[in-house]
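In what follows, a structure is listed as structure tokens, so that the remarks can point back to it.
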Amino acid sequence: QVQLVESGGGLVQAGGSLRLSCVASGSIFSINAMGWYRQAPGKQRELVATISRSGDTNYADSVKGRFTISRDNAKSTVYLQMNSLKPEDAATYYCNAYSYKNYWGQGTQVTVSS
């Protein structure tokens with residue numbers, strides 16, 4: 001079993017920055033990759049960024065160059081650094097861990113004002 005605890009959501013102005021954190025606990029040895037997804041009201045949940053156990057990263061085109069996914073193994077934490085935020089980035093952001101099955105965090109809301 002894997003448990004995910006997210007934090008860091010909030011309200012920022014357009015052009016600002018925010019850092020999301022996701023702390024994993026439990027059977028973290030079984031995690032192959034982790035990622036961040038987001039879902040805005042009335043829209044499909046979409047992939048934002050992923051990072052593998054080996055450190056390989058992938059980003060959605062919409063956030064490439066602005067967002068950075070990283071990890072701190074000592075803290076069992078994955079981060080999403082979000083810079084140059086746009087109103088269209090506003091959504092609930094979910095942490096995901098992939099092992100023998102997928103695990104999801106509770107979500108943290110990001111609001112971006114114009």
Side-chain angles (χ1 to χ4, degrees):
Q1 297 294 315
V2 175
Q3 296 80 44
L4 304 174
V5 179
E6 301 163 329
S7 62
L11 189 153
V12 295
Q13 292 187 350
S17 298
L18 204 62
R19 188 179 74 161
L20 307 183
S21 300
C22 176
V23 180
S25 61
S27 301
I28 58 176
F29 61 87
S30 69
I31 299 174
N32 298 122
M34 296 188 68
W36 288 96
Y37 294 73
R38 67 186 182 187
Q39 187 169 24
K43 296 184 178 180
Q44 288 268 69
R45 185 173 297 188
E46 64 176 351
L47 173 68
V48 177
T50 61
I51 184 167
S52 71
R53 178 170 285 274
S54 62
D56 295 329
T57 59
N58 288 283
Y59 298 91
D61 289 340
S62 60
V63 306
K64 193 172 297 182
R66 299 187 297 120
F67 290 10
T68 302
I69 188 170
S70 61
R71 59 187 170 95
D72 185 336
N73 291 335
K75 297 181 179 180
S76 299
T77 301
V78 171
Y79 303 96
L80 184 68
Q81 178 67 46
M82 305 184 293
N83 298 326
S84 302
L85 283 162
K86 304 175 181 179
E88 49 263 47
D89 293 319
T92 300
Y93 284 71
Y94 297 91
C95 182
N96 168 254
Y98 178 76
S99 58
Y100 63 95
K101 67 176 183 179
N102 282 318
Y103 296 89
W104 294 91
Q106 79 286 353
T108 184
Q109 186 167 336
V110 172
T111 303
V112 184
S113 62
S114 300

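For this chain, numbers begin at 1 and follow the sequence in order.
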Looking only at heavy atoms, the pair that brings Cys95 and Leu4 closest together is O-CD1, 3.6 Å

Here the gap from Ile28 atom CD1 to Arg53 atom CZ, rounded to the nearest 0.5 Å, amounts to 7.5 Å

All heavy atoms of Val48 vs all of Val63, minimum pair found to be O-CG2, 3.6 Å

* Asked: Are Ser17 and Asn83 linked by a side-chain donor-acceptor pair shorter than 3.5 Å?
  -> yes

Checklist line | pair Tyr59-Thr50: side-chain heavy atoms closer than 4.5 Å | finding: no

Practice item. Report yes if some heavy atom in the side chain of Ile51 is under 4.5 Å from a heavy atom in the side chain of Val78; otherwise report no. Key: yes

Could you tell me if Tyr37 and Arg45 have a donor-acceptor pair between their side chains, going purely by distance under 3.5 Å? no

Side chain to side chain contact (heavy atoms under 4.5 Å, CB included) test vs Tyr103 passes for just one of Gln1, Met34, Gln3, namely Gln1

Residue pair Tyr93 / Leu80, side-chain heavy-atom distance below 4.5 Å
yes

Q: Measure from the side-chain N and O atoms of Ser27 to the backbone N and O of Phe29, and report whether any donor-acceptor pair falls under 3.5 Å.
A: no

Self-check item: Side chain to side chain, Gln106 and Glu6, heavy atoms closer than 4.5 Å
Solution: yes

Correct closest heavy-atom pair for Arg38 and Ala91 would be CB-CB, 3.8 Å

Under a 4.5 Å cut-off applied to non-hydrogen side-chain atoms, are Phe67 and Leu20 in contact? no

Taken to the nearest 0.5 Å, the spacing of Tyr98 OH from Ser52 OG works out to 13.0 Å

**Minimum side-chain heavy-atom gap Val110-Leu18 below 4.5 Å** = yes

Between Ser30 and Val2, the two heavy atoms sitting closest are OG-CG2, 4.2 Å

Review point. Looking at Asp89 and Lys86, does any basic side-chain N land under 4.0 Å from a carboxylate oxygen?
Key: no

Is a donor on one side and an acceptor on the other found under 3.5 Å between the side chain of Thr108 and the backbone of Gly9? yes

Heavy atoms of Ala14 and Ser114 approach each other most closely as CB-CA, 4.4 Å

Taking every heavy atom of Thr77 against every heavy atom of Lys75, the minimum-distance pair comes out as OG1-O, 2.8 Å

CH2 (Trp36) and OH (Tyr94) are apart, to the nearest 0.5 Å, by 12.0 Å

